[in-house]
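Below, all heavy atoms of this structure are taken into account, side chains as well, without hydrogens, waters or symmetry copies. Per chain, numbering begins at 1; letters A, B, ... match sequence-line order.
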Amino acid sequence: VALENTPAVHNMVVCTLCSCYPWAVLGLPPLWYKSAPYRSRAVAEPRAVLRDFGVELPPQTEIRVWDSTAELRYLVIPTRPEGTDGWNEDRLADLVTRDSMVGTGFPKRPYEAAK
Amino acid sequence: MNGAADMGGMHGFGPVQVEANEPVFHADWEKKAFALNIAIGVANIWNLDEFRFARESLPPPQYLNMSYYGLWVATLENMMLRYKMATPEELQEGRAREPVKKAKQPVTAAQVANMVRCGSPYERPAPAPAKFKVGDRVRARNIHPKTHTRLPRYVRGHTGEVVRIVGCHVFPDSNASKRTEDPHWLYTVRFEGRELWGPDSDPNVRIAIEAWEPYLEIA
């Protein structure tokens with residue numbers, strides 16, 4: 001299932017019970033995803049967890065946390081960065097990071113793109 | 001079971017530690033641990049839910065002190081003992097003493113690679129119509145089975161809303177303990193943060209889980 005981030009709604013994914021993760025698309029999960037700090041806190045204080053990643057969201061942005069307790073897998077579609085009007089799919093794809101698809105990071109900004 | 005694996009809402013683990021430029025594996029033995037676990041999954045000696053139950057059954061002090069792949073290896077050892085594929089002495093010494101037990105079918109590298117990519121499907125034909133519909137208010141039952149369950153503690157007794165009917169899926173609780181698939185309807189249920197974490201929590205947070213029908217009652 002794909003979850004679209006917007007300025008109003010930020011989605012992030014966790015597996016509190018173990019380490020369920022969309023292997024087929026993102027590869028094996030990083031250690032932090034499987035770690036006790038992330039699994040324990042992502043569902044209870046997601047805004048604070050995002051701060052650990054350097055992601056600061058305004059309080060009016062709703063955070064939706066998806067705890068993958070079954071075999072359904074979630075992918076976040078990050079918000080399209082400003083300044084990318086007219087970019088084609090390849091250029092946009094270059095901005096997408098792993099963390100932005102788990103919901104713990106923003107995509108790269110246009111000036112960070114590999115030329 | 002209420003084991004160490006069910007961590008949602010626990011305190012005291014500290015901040016999330018992010019490793020820059022993290023490698024996929026941190027040591028060669030982790031690659032072997034990963035491959036062995038997938039291969040033995042393909043051999044279908046035990047099912048995924050039995051394996052998860054065995055992993056969360058590790059005593060909490062051990063579970064919380066082990067590395068991720070360390071947990072996999074410890075679980076694999078326990079399962080091999082349970083299924084009489086190895087003896088404690090063999091595990092201790094790291095060499096076989098008894099004749100090797102063969103799987104029912106040979107496992108090929110292609111099957112293992114496919115399992116990593118695709119997993120194994122858990123959707124099944126429905127034995128009955130779904131009891132709940134999107135928009136229904138449902139309560140997660142206040143149950144504390146000592147056997148495997150995928151209903152996290154932090155939602156039990158709380159009321160949420162059905163936001164998706166996922167389909168009819170193998171029921172892990174039965175699959176882990178009785179090795180029967182016992183398929184049930186699976187729902188995505190969304191809870192308000194304050195319903196789960198009380199009046200002092202962030203008012204602008206919602207948390208969704210997947211819940212099988214036996215976990216839920218109409219609210």
Side-chain angles (χ1 to χ4, degrees), chain A residues 1 3 8-25 27-54 57-74 98-99 104-105, chain B residues 3-19 22 24-26 34 48 52 55-56 64 67-68 71 116-123 149-155 164 166-167 169-170 172 186 188 190-191 193 196-197 201-212:
Chain A
V1 176
L3 311 160
V9 176
H10 181 93
N11 295 281
M12 62 189 274
V13 184
V14 63
C15 170
T16 60
L17 297 175
C18 45
S19 51
C20 299
Y21 188 80
W23 288 7
V25 184
L28 295 177
L31 267 182
W32 60 257
Y33 186 85
K34 307 177 279 195
S35 72
Y38 187 72
R39 285 163 55 189
S40 62
R41 292 172 55 222
V43 288
E45 43 171 4
R47 224 174 285 271
V49 168
L50 289 175
R51 263 180 233 123
D52 289 351
F53 288 87
L57 291 177
Q60 64 272 23
T61 299
E62 175 188 337
I63 302 182
R64 291 189 188 161
V65 185
W66 303 82
D67 189 357
S68 335
T69 50
E71 300 311 306
L72 195 66
R73 295 289 170 263
Y74 291 101
R98 176 198 65 199
D99 287 5
T104 56
Chain B
D6 185 2
M7 291 179 172
M10 283 178 75
H11 294 156
F13 289 118
V16 178
Q17 308 278 350
V18 180
E19 184 183 336
E22 184 183 335
V24 178
F25 295 102
H26 291 76
F34 177 75
L48 174 64
R52 283 186 177 146
R55 198 171 50 206
E56 68 200 21
L64 294 171
S67 72
Y68 182 73
L71 277 175
V116 172
R117 268 195 303 272
C118 307
S120 50
Y122 259 42
E123 189 146 15
T149 184
R150 302 288 292 174
L151 182 67
R153 261 180 284 190
Y154 72 88
V155 301
R164 179 183 290 111
V166 179
H169 281 229
V170 173
L186 180 67
T188 304
R190 189 152 71 200
F191 300 87
L196 300 179
W197 309 112
S201 70
D202 193 323
N204 212 4
V205 166
R206 293 190 173 87
I207 299 100
I209 63 156
E210 262 79 64
W212 281 262

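No donor-acceptor pair closer than 3.5 Å links the side chain of Trp197(B) to the backbone N or O of Glu45(A). Checked by atom type and distance alone, the side chain of Asp52(A) pairs as donor or acceptor with a backbone atom of Val16(B) at under 3.5 Å. When atom types are taken as modelled, the side chain of Thr16(A) and the backbone of Met7(B) share no donor-acceptor pair closer than 3.5 angstrom.
Nearest heavy-atom pair across Asp67(A) and Pro152(B) is OD2-CG, 4.1 Å. Contact between Pro37(A) and Gly14(B) at its shortest, heavy atoms only, is CB-O, 3.3 Å.
Contact count versus chain B (heavy atoms, under 4.5 Å) is highest, among Tyr38(A), Phe53(A), Tyr74(A), for Tyr74(A). For chain A, the option among Phe34(B), Trp212(B), Phe13(B), Tyr154(B) with the highest count of heavy-atom pairs below 4.5 Å is Phe13(B). Of the listed residues Ala70(A), Ala24(A), Ala36(A), the one with more heavy-atom pairs under 4.5 angstrom with chain B than any other is Ala36(A).
Annotation: side chain of Leu72(A) is not in contact with side chain of His169(B) (no heavy-atom distance under 4.5 Å). The side-chain heavy atoms of Arg150(B) and Leu17(A), taken from C-beta on, include a pair separated by under 4.5 Å. Contact of the Leu31(A) side chain with the Glu19(B) side chain is registered, since non-hydrogen atoms from C-beta on lie closer than 4.5 Å. No side-chain heavy atom of Pro59(A) sits under 4.5 Å from any side-chain heavy atom of Asn204(B). Under the 4.5 Å side-chain criterion, counting only non-hydrogen atoms from C-beta, Arg64(A) is in contact with Arg190(B). Side-chain contact between Cys20(A) and Arg52(B): present, with at least one pair of heavy atoms (C-beta onward) separated by less than 4.5 Å. Side chains of Glu62(A) and Val205(B) form no contact here, defined as non-hydrogen atoms less than 4.5 Å apart.
Residue Gln17(B) touches chain A through its backbone alone, counting heavy-atom pairs closer than 4.5 Å. Residue Val25(A) does not touch chain B at all, counting heavy-atom pairs closer than 4.5 Å. In this structure, the portions of Pro30(A) lying under 4.5 Å from any heavy atom of chain B include both its backbone and its side chain. Only the side chain of Val24(B) comes within contact range of chain A, with heavy atoms under 4.5 Å apart. If you measure heavy-atom distances from Thr61(A) to chain B, the contacts under 4.5 Å come from the backbone alone. Contacts of Asp202(B) with chain A are made by side-chain atoms alone, with heavy-atom separations under 4.5 Å and no backbone atom involved. Heavy atoms of Tyr33(A) lying under 4.5 Å from chain B are absent altogether. Interface remark: Leu28(A) contributes side-chain atoms only to the contact with chain B (heavy atom separation under 4.5 Å). With a 4.5 Å cut-off on non-hydrogen atoms, Leu196(B) does not touch chain A at all. Using a 4.5 Å cut-off between heavy atoms, Leu64(B) does not touch chain A at all. Contact annotation for Val166(B): only side-chain heavy atoms (C-beta onward) come within less than 4.5 Å of a heavy atom of chain A. For a residue to count as touching a neighbouring chain, one of its non-hydrogen atoms must lie under 4.5 Å from one of that chain's; by this rule Ser120(B) does not touch chain A. Contacts between Arg98(A) and chain B at a heavy-atom distance below 4.5 Å are absent for every atom of the residue. The part of Arg117(B) that comes within reach of chain A is its backbone (N, CA, C, O), which places non-hydrogen atoms under 4.5 angstrom from that chain. Interface remark: Val116(B) contributes backbone and side-chain atoms alike to the contact with chain A (heavy atom separation under 4.5 Å). Neither the backbone nor the side chain of His11(B) comes within less than 4.5 Å of any heavy atom in chain A.
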Take Trp66(A) and Phe191(B), measure what ring pair (Phe, Tyr, Trp, His ring centres under 6.0 Å) needs, and give me the verdict at the end.
-> CA-CA 10 Å; Trp66(A) 303 82; Phe191(B) 300 87; over 10 Å; no
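If you take SG on Cys18(A) and OH on Tyr68(B), they are separated by 7.0 Å, rounding to the nearest 0.5 Å. Taking CG of Asp6(B) as the reference point, atom OG of Ser40(A) lies at 11.5 Å (rounded to 0.5 Å). Rounded to the nearest 0.5 angstrom, Thr69(A) OG1 and Leu186(B) CG are separated by 7.0 Å.
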